[in-house]
2 protein chains.
Amino acid sequence: MKGYDPHAFEPFAVTVDLAVFTVRGGALNVLLIRRGQDPYAGAWALPGGFLLPRESAETAARRELAEETGLAEAVVAALHLEQLRTYSDPDRDPRMRVVSVAFAALVPDMPEPVAEGGGDAAQARWVPVGETGPLAFDHARILSDARSRIGAKLEYTCLATGFCPPEFTLGELQSVYETVWDTALDRPNFRRKVLATPGFVEAVPGAARLTGGRGKPAALYRAGPATALHPPLLRPTEGHAQ
Amino acid sequence: MKGYDPHAFEPFAVTVDLAVFTVRGGALNVLLIRRGQDPYAGAWALPGGFLLPRESAETAARRELAEETGLAEAVVAALHLEQLRTYSDPDRDPRMRVVSVAFAALVPDMPEPVAEGGGDAAQARWVPVGETGPLAFDHARILSDARSRIGAKLEYTCLATGFCPPEFTLGELQSVYETVWDTALDRPNFRRKVLATPGFVEAVPGAARLTGGRGKPAALYRAGPATALHPPLLRPTEGHAQ
DNA sequence: GCTGTTTATAGTCAACGTGACTATTAAAGA
DNA sequence: TCTTTAATAGTCACGTTGACTATAAACAGC
């Protein structure tokens, strides 16, 4: 089955689809674009597009992300981008056979809703997950898969810092967990756990942020070199004992 | 970028590649086939092949698995098959642009090395991971990714039973963990943990296997309905405290 | 049969992580 | 100044886990 006779295989179109998440106003938001073209014209969809002839899926995903969000290439190159899975149902696109590699990306809360790429995608905006209406193609399914993957990975990786600006307080980090998991966490316990995990966060030498907040000023932290969380930070009320 | 102008995208070939694992003789083995055709002819490779026009990647993976192993369709349909990730480097195939969706599969130790599918693949055999020489394409990378994914999933899922026959002893289950992780586990502690996890295994009503073994006969268990392991069964010596 | 080996199973104990709290400190707003 | 809000410090009991020891039930060899 691995012969390379040109008639032995079917040509497919290959796309990437991106579930780009951010935490905004106490809710987990996802980036959606309004489709301007034929299948599902006018519907909201995840950003994405076709692979160029010499692009890998990851390269294409970062390119699309830069185009769609208007972020600088250097910023996009540093973002957490994770391949989710590939969707290949024969009928997932009404027109033709399209195989799509889905990615999940995490970005800190961005100043403006979003810029717009070329003249192709009509609009782009942040929408709280759960308030997205029906989406084009199987994008609701992709979004659902991405959401649960991100939630699960917060348990045993350090990627929560990907939702935070370069310097952040432990309160901000905790609210990332609380927003993604949609649960409340005990503040002292969260703090104890995060600080007890070597390399998760590291204190910024001097400074404590006074201005905006209306409580005791919090210390600032940066993301540390660790990527995994051992032992994991399990979310509560997830149908398990202890 | 999501227009459907037929000239807007490049056609790709799409394949599936399978990392099929089993535990044989105290080692984790992977199923390899010897390529009979042009690119990398004579080299060992993971089984796989092109998607048929109306197949999803998962359907194609199960079809290839059945063809390559000679297992009955019903058996293949019940196996644990998990999408790993998609490999899309532009140069991963020297001939053309091929995007491959990789899967990992777990099978119990099978009686015979393996049957052979059509007349296409020259040979198929089980090889201990780590004793595979160089592999065709980027299959060494895929195998490596599959191996670490399987090892990680043993920690927080119940899929270890996928390596076991329908009825098994706790000693056999433990040796699956020990083989995949390549570490020794304390037997009483392993037993306590497995039995304390509701739905992981359930005792077979009557019977204890006496024949083959040369110690006290062990009780037989079946895989239970649970799929997740909460709290996880963390592997030791993995660079973390406790 | 007896004895040693092998494996399964039972049980103990201390260390650690975690959930549930309470208390204190330091800012902003009334 | 007093209240409110949030950060930080600290306590305590419980459950899980790692490291052990002990017993039971088979077989192999003498």
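As the structure is a computational prediction, the values presented were derived from the model and not from experiment. Chain letters run A, B, ... following the sequence lines, proteins first and then strands; every chain starts at 1.
- Contacts of residues 191-201 of chain B with DNA chain C (heavy atom under 4.0 Å): B/R191, B/R192.
- No donor-acceptor pair under 3.5 Å is formed between the side chain of A/S144 and the backbone N or O of A/A140.
- Side-chain N/O atoms of B/Y87 and B/D17 include no donor and acceptor closer than 3.5 Å.
- The closest donor-acceptor contact from the side chain of B/W181 to the backbone of B/G151 lies under 3.5 Å.
- Residues B/L170 and A/L233 both approach DNA chain C. Their nearest nucleotides, taken by heavy-atom distance, put B/L170 toward the 5′ side.
- The listed nucleotides are D/dA7, C/dT9, D/dA6; the one nearest the side chain of A/A218 is D/dA7.
- Here D/dT8 presents its C1' atom at 15 Å from CG of A/L220, a figure rounded to the nearest Å.
- Between the side chain of B/T132 and the backbone N or O of B/P128 there is no donor-acceptor pair closer than 3.5 Å.
- In this structure, A/D186 places its CG atom 7 Å from C1' of C/dG19, rounding to the nearest Å.
- Following rounding to the nearest Å, B/L234 (CG) and D/dT17 (C1') show an atom-to-atom distance of 10 Å.
- Under the rule for a side chain to side chain contact (heavy atoms under 4.5 Å, CB included), the partners of A/T157 that lie at least two apart in sequence or sit in another chain are A/K153, A/L159.
- Going from atom CZ of A/R187 over to atom P of D/dG10 covers 18 Å, rounded to whole Å.
- Of the candidates C/dA8, D/dA7, D/dG10, D/dG10 carries the atom nearest the A/P188 side chain, counting heavy atoms from C-beta on.
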